[in-house]
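Okay, structure first, notes after.
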Amino acid sequence: MKLLVIGSGGREHAIAWRLAQSPRVQKVFVAPGNGGTALEPGLENLKLDSIEDLADFALKEQVHLTVVGPEAPLAAGVVDLFHSRGLRIFGPNRACARLESSKEFAKAFMQRHGIPTAAFACFTEPQAAHAYVDARGAPIVIKADGLAAGKGVVVAANLQEAHDAIDRMLVGHLMGDAGNRVVIEDCLEGEEASFIVMCDGEHVLTLATSQDHKRLLDGDRGPNTGGMGAYSPAPVVTPKVHARVVREVIQPVMAGMAAEGHRYCGFLYAGLMIDRTGAPRVLEFNCRLGDPEAQPILMRLKSDLYDLMEHAVECGLDAVEAVWDRRAALGVVLAAAGYPESPRKGDPIEGLPAPVEDVRVFHAGSTLANGKPVTSGGRVLCVTALGDSVKMARDRAYHVVDAIHFEGMQCRRDIGHRAIEAR
Ligand code: AMP
Ligand code: GLY
């Protein structure tokens, strides 16, 4: 059977690669895909942009199931469109995707359903926002309401930074429409983790836990990015914390959506801050797999991903279990010069290894020029390795990283440091 994966990142490369391994899958189309998916056996890139064209293609080619990687098509209603045309697709509909596409919606939803999160207020008027920040004090967090590709959050250490962020969003409109409304929330302390589950509208299947590294530079310095590396599992999510997250966060989301008349079907990603007592609080929801979290998570998945997704769209997740490699996995993102502000493009990528069982290089911002991969976006590659410990996975990944080269390549050297220091 034929499948379709929508997206072009490292996450989509990993999803498509895993799906292609199912014995029942003949071919996985990736729209638009990247230089890595172009070369991967069993995958074929499609040059289709609009969600209408994707639906036309899925109908014509009798695509069995479509999987949505990124948030933008979900927020644009790709799932509603596919359903209206009788097509099978895995992802939340537009109403459910508001959990990610509007931070104000997400915060109000959490408040309505008693889901733990930081205290907050929403503003469209700069003066009221400035006054709130003055009254609340620093540190404080300013977030653009809409989708901003991971770049719409400012953790302000002092009041000046907070006032500047408000002015940039509400007065200077530097975040475009996404920043016409801001959420201002208290700054939480603790350790972050990414908690991702698959949902079928009624049941939930938890995936392996992971931890991302959002800042550009070693030691969690520099600007926020889409994510510079990730590993799985995250030791901060102990079995006790895991149970609390399911009970206090995930199940209330499913029940809350149902109570408001929506079935949540798709991946649900809770970005959590876990405090010293093990209490989880939600920093954000995403309606998709994380990138780069998907790469180490899917490296560890031993179950047939297509089988899991088929159960999810048939509301049968209670009948399956996900089996995980006991080893850890760790992915290091190699980013282009100038990322995140203005990534440079067109540089040849050298030194890519042949794929082996326990190391894979997932592509993101790459394309083929005369059959050879060149850079074409901010996060170019994610080198992902399995190992008996996070440290061994890290050493194996960096060994491959050190052989890869493109002009101005940037990467963090400390991916996994929290898990390694915790031991
Ligand atoms: P978000 O896109 O909402 O996950 O925010 C991006 C990053 O900003 C998070 O991964 C955190 O590192 C940080 N952040 C967001 N909200 C808070 C908060 N309330 N307290 C502390 N840090 C936060
Ligand atoms: N790595 C964070 C995200 O996918 O939103």
Side-chain angles (χ1 to χ4, degrees), residues 7 9-12 14-15 68-72 74-75 97 99-107 110 116-121 133 136 138-157 161-162 165 175 178-179 182-196 207 209-216 220-232 234 236 267-275 280-298 331-333 335 340 362 364 378-379 382 384 412 415 418:
R11 165 185 53 211
E12 288 77 24
I15 294 171
V68 191
E71 59 277 19
L74 295 169
L99 274 184
E100 175 166 4
S101 63
S102 166
K103 289 194 187 282
E104 180 175 20
F105 174 85
K107 294 294 287 191
M110 287 188 265
T117 188
F120 74 103
V133 158
R136 204 80 192 166
I140 192 149
V141 183
I142 319 292
K143 301 184 173 187
D145 175 58
L147 293 178
K151 290 150 205 150
V153 175
V154 176
V155 180
E161 283 178 33
M175 307 294 315
V182 296
V183 171
I184 302 183
E185 66 179 28
D186 289 0
C187 192
L188 298 175
E189 280 183 18
E191 187 169 343
E192 287 183 52
S194 304
F195 197 99
I196 308 176
L207 302 184
T209 59
S210 57
Q211 195 174 65
D212 187 14
H213 300 64
K214 290 237 162 76
R215 302 293 193 103
L216 180 69
D220 296 321
R221 291 172 304 112
N224 263 325
T225 69
M228 293 299 290
Y231 60 90
S232 170
V236 63
F267 291 108
L268 173 66
Y269 165 142
L272 302 171
M273 187 71 90
I274 295 158
D275 75 10
R281 286 195 181 74
V282 176
L283 296 175
E284 61 163 347
F285 285 119
N286 296 318
C287 292
R288 48 173 177 78
L289 274 175
D291 189 342
E293 290 95 323
Q295 291 86 315
I297 289 174
L298 293 175
V332 180
V333 168
F362 296 110
R379 292 186 292 172
C382 180
T384 312
R412 279 180 63 159
I415 301 303
R418 279 202 188 77

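Each ligand, and each atom within it, is numbered from 1 in the order the structure gives.
- Only the backbone of Asp186 comes within 4.0 Å of ligand 1, judged by heavy-atom distances.
- Interface atoms of ligand 1 facing Cys187, defined by a heavy-atom separation under 4.0 Å, are 20 (N), 21 (C).
- For the ligand labelled ligand 2, residue Gly227 lies outside the 4.0 Å heavy-atom shell.
- Under a 4.0 Å criterion applied to the non-hydrogen atoms of Leu283, ligand 1 contributes the atoms 3 (O), 11 (C), 16 (N), 17 (C), 18 (C), 19 (N), 23 (C).
- Interface atoms of ligand 2 facing Gly290, defined by a heavy-atom separation under 4.0 Å, are 4 (O).
- Within ligand 1, the atoms closer than 4.0 Å to a non-hydrogen atom of Glu185 are 16 (N), 17 (C), 18 (C), 19 (N), numbered from 1 in the order shown.
- Listed by number with element, the atoms of ligand 2 under 4.0 angstrom from any heavy atom of Glu293 are 1 (N), 2 (C), 4 (O).
- Among all non-hydrogen protein atoms, the one lying nearest atom 5 (O) of ligand 2 is Arg288 NH2, 2.9 Å.
- Counting heavy atoms closer than 4.0 Å to ligand 1, residue Val155 contributes side-chain atoms (C-beta onward) but none from N, CA, C or O.
- Of the N or O atoms in Gly226, one or more lie within a sub-3.5 Å distance of an N or O in ligand 2.
- Within the 4.0 Å heavy-atom criterion, the part of Lys103 lying near ligand 1 is the side chain and not the backbone.
- Taking every heavy atom of Asn286 and a limit of under 4.0 angstrom, the matching atoms of ligand 2 come to 5 (O).
- Between Glu293 atom CD and Cys382 atom SG the span is 10.0 Å, to the nearest 0.5 Å.
- Residue contacts with ligand 2: Asp212 is placed with a nitrogen or oxygen under 3.5 Å of a nitrogen or oxygen of the ligand (distance criterion only).
- Distance check: Phe267 CZ to Ile196 CD1 gives 8.5 Å after rounding to the nearest 0.5 Å.
- Using a non-hydrogen distance threshold of 4.0 Å, Pro292 registers as a contact of ligand 2.
- Here the CZ atom belonging to Arg11 is positioned 8.0 Å from the CZ atom belonging to Arg379, to the nearest 0.5 angstrom.
- The heavy-atom pair separating Leu283 from Leu188 by the smallest distance is CD2-CD1, 3.9 Å.
- Asp186 has no carboxylate O lying under 4.0 Å from a charged side-chain N of Arg281, or vice versa, which leaves the two without a salt bridge.
- We find the CD-CD distance between Glu71 and Glu100 to be 4.5 Å, quoted to the nearest 0.5 Å.
- Ion pairing of Asp145 with Lys107 is absent here, as no side-chain N (NZ or NE/NH1/NH2) approaches a carboxylate O to less than 4.0 Å.
- At a heavy-atom distance under 4.0 Å, atoms from both the backbone and the side chain of Leu188 approach ligand 1.
- A distance of 9.0 Å separates CD1 in Ile140 from SG in Cys187, rounded to the nearest 0.5 Å.
- With Thr117 contributing its side chain and Val282 its backbone, the two residues share a donor-acceptor pair below 3.5 Å.
- Ionic pairing of Lys103 and Glu185 is not present here: no N-O contact between side-chain nitrogen and carboxylate oxygen is shorter than 4.0 angstrom.
- Those atoms of ligand 1 with a heavy atom of Lys143 less than 4.0 angstrom away are 3 (O), 15 (C), 16 (N).
- The shortest heavy-atom distance from Arg11 to ligand 2 is not under 4.0 Å.
- Phe362 meets the ring pair (Phe, Tyr, Trp, His ring centres under 6.0 Å) test with His13, Trp17; sequence neighbours excluded.
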